[in-house]
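Let me begin by presenting the structure, written as structure tokens, before commenting on it.
Just so you know, residue 1 is the first one in the sequence shown, and it goes up from there. Computed over heavy atoms, backbone and side chain alike; hydrogens, waters and symmetry mates excluded.
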Amino acid sequence: MKSLENPIVVTGGAGFIGSNIVRRLNEQGEENIVIVDRLGTGEKWKNLVSRQYVDYLDKDDFIDLVRTGRFPKARCIFHMGACSATTEKDADYLMSNNFHYTRTLCEWALETGARFITASSGATYGDGSQGYSDDDAIT
């Protein structure tokens with residue numbers, strides 16, 4: 001791994017949303033970015049062609065570095081790397097990828113003082129006819 005100092009980490013960074021976060025960071029002059037994803041055999045790698053970043057890591061390699069304390073402190077983590085497919089049937093995969101992976105990153109961010117930003121397009125359902133609110137008091 002390259003020598004990194006206080007990078008911004010973007011998980012799911014080769015996907016549509018993640019790569020556009022990287023694009024916006026680049027527009028703001030930021031290039032000290034580590035992109036984390038799993039490219040596989042698809043074509044999402046093309047989303048990275050015009051992006052500027054210091055390193056790319058496979059998601060399994062990255063989480064291993066985090067768990068073993070070998071990844072340097074990050075200043076911010078944009079976690080967009082969850083599976084948002086509502087048709088995914090493998091509950092073990094969803095627990096591992098969406099719950100445990102996210103929890104590990106969140107705990108790491110809390111321990112190291114990194115800002116942790118996460119969102120999932122799979123978290124919102126419905127047609128909006130009843131509106132949307134993040135107010136916990138609404139039942």
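Listed by chain and number, the residues in a side chain to side chain contact (heavy atoms under 4.5 Å, CB included) with Gln52 are Asn26, Glu31 (sequence neighbours excluded). Applying the ring-ring contact (aromatic ring centres under 6.0 Å, His included) test to Phe62 and every residue at least two apart in sequence or in another chain returns Phe71.
From Glu30, atom CD reaches atom CD1 of Ile8 across 4.0 Å, with rounding to the nearest 0.5 Å. Here CD1 of Ile63 is found 4.5 Å from OH of Tyr101. Values are rounded to the nearest 0.5 Å. Atoms OG1 and CG, from Thr11 and Asp37 in turn, are 8.0 Å apart once rounded to the nearest 0.5 Å. In this structure, NZ on Lys44 lies 14.5 Å from NZ on Lys46, to the nearest 0.5 angstrom. Annotation: the span from Arg24 atom CZ to Ile21 atom CD1 amounts to 12.0 Å, rounded to 0.5 Å. Atom CD1 of Ile17 sits about 12.5 Å away from atom CZ of Phe78, to the nearest 0.5 Å.
For Glu43, the CD atom is loosely surrounded, since the number of other residues' heavy atoms within 6.0 Å does not exceed 12. No more than 12 heavy atoms of other residues, nucleotides or ligands shown are found within 6.0 angstrom of CZ on Arg115.
Here the side chains of Asp92 and Ser96 are not in contact, with every heavy-atom distance at 4.5 Å or above. Taking the side chain as every heavy atom from C-beta outward, Asn20 and Arg51 approach each other to under 4.5 Å. By the 4.5 Å heavy-atom criterion applied to side chains, Tyr53 and Leu48 are counted as neighbours.
Cluster membership check: Tyr56 shares its hydrophobic cluster with Val49, using side-chain heavy-atom separations under 4.5 Å among Ile, Leu, Val, Met, Phe, Trp and Tyr. Both Ile33 and Phe16 are assigned to one and the same hydrophobic cluster, defined by single-linkage of ILVMFWY side chains at heavy-atom distances under 4.5 Å. Under a hydrophobic clustering in which Ile, Leu, Val, Met, Phe, Trp and Tyr are joined whenever their side-chain heavy atoms come within less than 4.5 Å, directly or via other members, Phe99 and Ile117 fall into different clusters.
A side chain to side chain donor-acceptor pair (under 3.5 Å) with Arg38 holds for exactly one of Asp60, Asn97, Asp61; it is Asp60.
Shown here for Pro7 and Val34, the closest heavy-atom pair between the two residues is CB-CG2, 4.0 Å. Nearest heavy atom pair, residue Pro72 against residue Trp108, reads O-CZ2, 3.5 Å. Here the shortest heavy-atom pairing between Ala14 and Asn47 reads O-ND2, 2.8 Å. For the pair Ala114 and Cys76, the tightest heavy-atom approach, listed with the atom from each and the gap, is CB-N, 4.4 Å.
Panel note: side chain Thr118, backbone His79; a donor-acceptor pair is recorded below 3.5 Å. In this structure, Asn98 contributes its side chain and Ala82 its backbone to no donor-acceptor pair below 3.5 Å.
Summarising the hydrophobic clusters (Ile, Leu, Val, Met, Phe, Trp, Tyr; side-chain heavy atoms under 4.5 Å, direct or chained), the residues clustered with Tyr93 are Leu94.
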